[in-house]
Structure formats: structure tokens, C-alpha cells
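Remember, it's a predicted structure, so these values are computed and weren't measured experimentally. Per chain, numbering begins at 1; letters A, B, ... match sequence-line order.
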There are 2 protein chains.
Amino acid sequence: MGTTSIKRIVLVEDDNIIREAFQTLISQSADFIVVNAYSNAEEAIKNLKEDVADIYLMDIELPGMNGIEAITKIKQLNPKIQLVVVSVYENDELVFKALCEGASGYLTKNAPTSKLIDSLKELENGGAPMSTSIARLVVSSFHKNKQSPLSPRELEVLELLASGKSYSSIADLLFVDKETIRSHIKNIYIKLEVHSKADAIEKAKKNKFI
Amino acid sequence: MGTTSIKRIVLVEDDNIIREAFQTLISQSADFIVVNAYSNAEEAIKNLKEDVADIYLMDIELPGMNGIEAITKIKQLNPKIQLVVVSVYENDELVFKALCEGASGYLTKNAPTSKLIDSLKELENGGAPMSTSIARLVVSSFHKNKQSPLSPRELEVLELLASGKSYSSIADLLFVDKETIRSHIKNIYIKLEVHSKADAIEKAKKNKFI
DNA sequence: TGAAATTACCCCATTCTGGGGGAGTGGAAT
DNA sequence: ATTCCACTCCCCCAGAATGGGGTAATTTCA
């Protein structure tokens, strides 16, 4: 490994017990130091410049500004900061929103607290610490549904359609006539029971056909 | 935990040394048994029914049928099978393709082999075992680019456009006039230096604006 | 053999799109 | 206070795109 320095951590967690437990736990590691701990996001953001932290351990359900908004704001103020969510919720929406906004990890509180230091180390090694169920959730989000009623060619056409392409350009890309694409799309609409591009794309994405 | 039974593993790996090393390693665990080991995907698929395995540990770079195609085929023949890729390549394309086709984990061979059993256990616990760099790759794929030249409203419009919606339906959804949407889109095209919907969507996705 | 997939063509009407121009309001920053 | 930007809405125009109707040849695979 290269040069390692003590990483500065900020905690944002409204539950006093948990916050103090984390602080105690992290203080036991020589690699990390808790430079500050807040019970709400607003204060954490106000002191962001002064704290010069490397990592924020963030709760999602917070009084006032919620964790997702906080992630957005913090990343915007300093993109170099690494954010790890620590939440009781495993709500799919929240997980993906947090990741989209820039979280580098997502831990659920039911995970053994002994893993916290390991997670921080994993983060420092260029990883993305996640609880077991979150990792599965994230990986599953990539999985395509193999039980699609659409033929391979129809899937191909629908994917191109979903990328905003016109019938003509899809035809060009697939080296067939524009009328052929029209036929495919008619059949796709029948199979998906829709009557428009937007509905077809929505249904196909919802069912993970594409 | 509920009832646990010994999980049946199949290896698909063309390198004899690695294949045998894995076999030896896994045999040392009481929780797993290697029911078969193949040097190519075709044979593994031919014996899929007889092997009745729970988990396949798959290489990606194989002679003949490659690992991605093999994943597709195996998942199609038996969706219950769990697949974990073990590869030297960390190629982004390959990782995402493997996950889209149904892989539940992705390990790089440079990861300590001692972690292999841990990864299998993680899989059995409902997780998605990934090497450090793969986890980061996967999580990073969600991250949006905050340095977008587009305004919040423009991003909103572009997202709806990218979902296949027409100007009119976007207007309805945002409770504004269709002409307003047209104005936004004109400005989006100017900012992104494009002249069509498809180009705008492509550029926005490539740059992770949406 | 028979069903499904892939390819291609015709007609029609409506909507959509992209480009040109202009303009008013409000907020935020200088 | 003024300027810049975001957001809103309006006009004109021509060509492209879309959705629905129908038909049909070839191939592929079970």
C-alpha cells in the first residue's frame, strides 16, 4: 500500500445512542478519527468546510433535511468526500436514490457493528461497502427478465427505440427496411398490450425485458 | 438460520491449475461440495441436468462458448442456479453484461483465494459477493454527474424525453404548456451541442447527466 | 407440418419534431 | 440596481415520425 494517513470521519445520526456507539467504536481504530458528530444534516453541512472530513457516515431518516438531500448537497459542495449510508431502511427506492446521488456504500444498522471498521477499511481500499441484502439488491437491479414474451429481434428493436432512436435510424442500424421495424414495433405493442412508444418502454423496463 | 444443506458446486474454468486449486479449497469446507469441474462451458451445459448444482463458479474467458453466453444459457435452462463469475478481467463491459445475464457475484482472481469460501457463504446468506474493485464499479455506475450544464428543469424534461414520452405528455406531466417543453428542449440541444432527441439522450447518458 | 420469427410492402391521418423568431416574469448574484 | 439565467409561453413552417389497417414471402425451429 502507498502512504496511509488517518482518515477523518463525520457522523450524521439523530439517534444519540447509535451516534455515540459509532464514535466510540471508530475511536478504537488507529486508522480513523471522528472529527465531528451531528444529529442533523443542516449543522453538518454548515460546518463542512471546517471539518475537512474524508468520509461521512450518514443516516437517511433525519429530522429536517433528509439523508438523500444531504448527500446531494455534500457531494455538490465537495465531490471528493466519500459518503456511506447507515440506515435501518432497506427500501429499494432509498438505496438507489442514495447511490445515484453519490453514496459509495450502504450499510444497514442490523449489520453487526463490528463490521463498521471493516467497511471503512474496504472504502479506503477503493471498495463500496454494502450489507449483504443491499449488495444483492444492487446486483439484482441489473438482472434481465428471461421470461420476456418478445423475440430476440423485438428486444433489440425495443432497446434501440428506448434509446430515443427513430424507426429509420433503427432500420439503418439493423440493416433492414424501415417497414420491417414498423412491423416489429406493431408486434411488440400487441405482445405488451400497449399503443405507444412510451407505454412500451415503461412496461418493458418495469418488467426488466430491457 | 433455517435448515442448511450442503450446497452443490460446479466449476467452469479452463486453467487446470486454478480449477484444481478451487476444487481442493472448496472440498475443505463442510458446507460445499464440488460435484463436477469443467474446462469449457459446452460440457458443463450438457451435464447441467445431471449435476443438479446450486452454484456455478464460472470463468469468463473460455475456449469455445464464452462465459457470458454460458450464463445466459444456464440461467435459461435453470433460473434457480446461482452464478458467480471468477475472472482476471475487470473490464466494465464484461462485468455489467455478466450481471445483466444473471450473475449473482463477480470475483477477480487476484482476490485472495482464501476469500472464496467466504464469498460462497455470503452468496448463501442472500448476498452478492464481489471483489473490492467490482463493488466500486457497480456502485459507481449509479452515480450521477453533478457537473451537468443543464438546469434542474432541463434535467427533468430530458429524463422524461429519455423515457420515450412526447412533448405533449411531458408538458402534461409537468403542468406547463407544450411550447414551454419545446423551449427547454431547444436549450438542452444547444447546451449539449446536439440536434436530435437520440443524440441528446446518448450524450446525457454517456455523461451520466441522467 | 405448423407455428413463430423475420423480412417487406401498401394505404391513411395525425402527431411530432426541429428550427426560426420573439417575449414576459421572477430570482439570484454582482 | 442591473444583469444574467431559469422558466414560462407564443407564432410560423416543413418534413419526419408515428400508429393503425391490411397483406405476404421466406426462414427457422420444434
Side-chain angles (χ1 to χ4, degrees), chain A residues 45 72-73 76-77 144-204 209-210, chain B residues 45-46 48-49 65 69 72-73 76-77 145-204 209-210:
Chain A
I45 290 167
T72 309
K73 197 75 190 163
Q76 175 182 320
L77 291 169
K144 295 279 171 282
N145 186 353
K146 303 291 198 242
Q147 312 308 318
S148 161
L150 304 178
S151 73
R153 196 56 155 179
E154 285 163 354
L155 283 175
E156 207 170 354
V157 170
L158 188 51
E159 252 157 40
L160 291 167
L161 193 67
S163 74
K165 295 195 163 47
S166 70
Y167 292 14
S168 333
S169 51
I170 296 174
D172 291 347
L173 285 167
L174 300 183
F175 304 106
V176 294
D177 196 274
K178 177 180 162 182
E179 288 300 321
T180 302
I181 300 303
R182 277 171 46 66
S183 292
H184 285 312
I185 292 178
K186 283 179 197 177
N187 290 326
I188 291 168
Y189 288 3
I190 292 168
K191 288 184 181 177
L192 298 187
E193 299 172 280
V194 296
H195 299 279
S196 74
K197 177 169 48 168
D199 288 347
I201 294 171
E202 191 186 352
K203 190 150 190 176
F209 297 151
I210 57 170
Chain B
I45 290 168
K46 202 182 344 179
L48 189 127
K49 278 209 166 71
M65 177 188 278
E69 294 173 83
T72 309
K73 198 74 190 163
Q76 176 182 318
L77 291 170
N145 186 351
K146 304 290 200 241
Q147 312 307 317
S148 160
L150 304 179
S151 72
R153 195 56 155 180
E154 284 163 354
L155 283 176
E156 208 170 354
V157 170
L158 188 52
E159 253 158 40
L160 290 168
L161 193 67
S163 73
K165 296 195 162 47
S166 70
Y167 292 16
S168 331
S169 52
I170 296 174
D172 291 346
L173 284 167
L174 300 183
F175 303 105
V176 294
D177 196 274
K178 178 181 162 182
E179 286 301 319
T180 302
I181 300 303
R182 277 171 48 67
S183 292
H184 284 312
I185 291 178
K186 283 180 195 177
N187 290 325
I188 290 169
Y189 287 4
I190 292 169
K191 288 185 181 178
L192 297 187
E193 298 173 281
V194 296
H195 299 280
S196 73
K197 177 172 44 169
D199 288 348
I201 294 171
E202 191 185 353
K203 190 151 190 174
F209 297 152
I210 58 170

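Taking a heavy-atom distance under 4.0 Å as the criterion, the stretch of DNA chain C touched by chain B extends 5' to 3' from C:dC16 to C:dG21.
Within the 4.5 Å cutoff, side-chain heavy atoms of B:M65 are placed close to those of B:I45. A:I181 has its side chain out of reach of A:S168: every pair of non-hydrogen atoms, C-beta onward, lies at least 4.5 Å apart.
Atom CD1 of B:I201 sits about 6.5 Å away from atom CD1 of B:I210, to the nearest 0.5 Å. Between the CG atom in A:L192 and the CG atom in A:N187 there is a gap of 10.5 Å [rounded to 0.5 Å].
For the salt bridge (Lys or Arg N to Asp or Glu O under 4.0 Å) test, residues two or more places apart in sequence or in another chain that qualify with B:K146 are A:E101. In this structure, the side chain to side chain donor-acceptor pair (under 3.5 Å) partners of B:D199, at least two apart in sequence or on a different chain, are B:S196. For B:K46, there are no salt bridge (Lys or Arg N to Asp or Glu O under 4.0 Å) partners, not counting sequence neighbours. The side chain to side chain donor-acceptor pair (under 3.5 Å) search around B:S166 returns B:S169, not counting sequence neighbours.
Taking every heavy atom of residues 144-152 of chain A and every atom of DNA chain D, no pair lies under 4.0 Å. Contacts between residues 178-202 of chain A and DNA chain D, counted as heavy-atom distances below 4.0 Å, involve A:R182, A:K186, A:Y189, A:H195, A:S196, A:K197. For DNA chain D, none of the residues of residues 159-172 of chain B falls under the heavy-atom distance limit of 4.0 Å.
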Below 3.5 Å, can you tabulate the donor-acceptor pairs from side chains in residues 154-165 of chain B to any protein atom, sequence neighbours excluded?
| from | atom 1 | to | atom 2 | distance (Å) |
| --- | --- | --- | --- | --- |
| B:E154 | OE1 | B:S151 | N | 2.8 |
| B:E154 | OE1 | B:S151 | OG | 3.4 |
| B:E154 | OE1 | B:K191 | NZ | 2.8 |
| B:E154 | OE2 | B:K191 | NZ | 3.4 |
| B:E156 | OE1 | B:R153 | NH1 | 3.2 |
| B:S163 | OG | B:L160 | O | 2.8 |

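In this structure, the helix from C:dT1-D:dA30 to C:dT30-D:dA1 shows an angle of 70° between the axis at its start and the axis at its end, each fitted on 5 base pairs and rounded to 10°.
With hydrogens and angles ignored, the 3.5 Å screen pairs no side-chain donor or acceptor of A:Y167 with any backbone N or O of A:T180.
Taking atom CG of B:D177 as the reference point, atom C1' of D:dC11 lies 12 Å away to the nearest angstrom.
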Next item on the list: For nucleotides 25-30 of chain D, just jot down a letter per nucleotide in 5' to 3' order: B, S or -, based on protein non-hydrogen atoms under 4.0 Å.
Entry: ------
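The list of salt bridge (charged side-chain N to carboxylate O under 4.0 Å, His left out) pairs with a residue in residues 173-186 of chain B, not counting sequence neighbours, reads B:E179-B:R182.
More than 12 non-hydrogen atoms from other residues, nucleotides or ligands lie less than 6.0 angstrom from NZ of A:K144.
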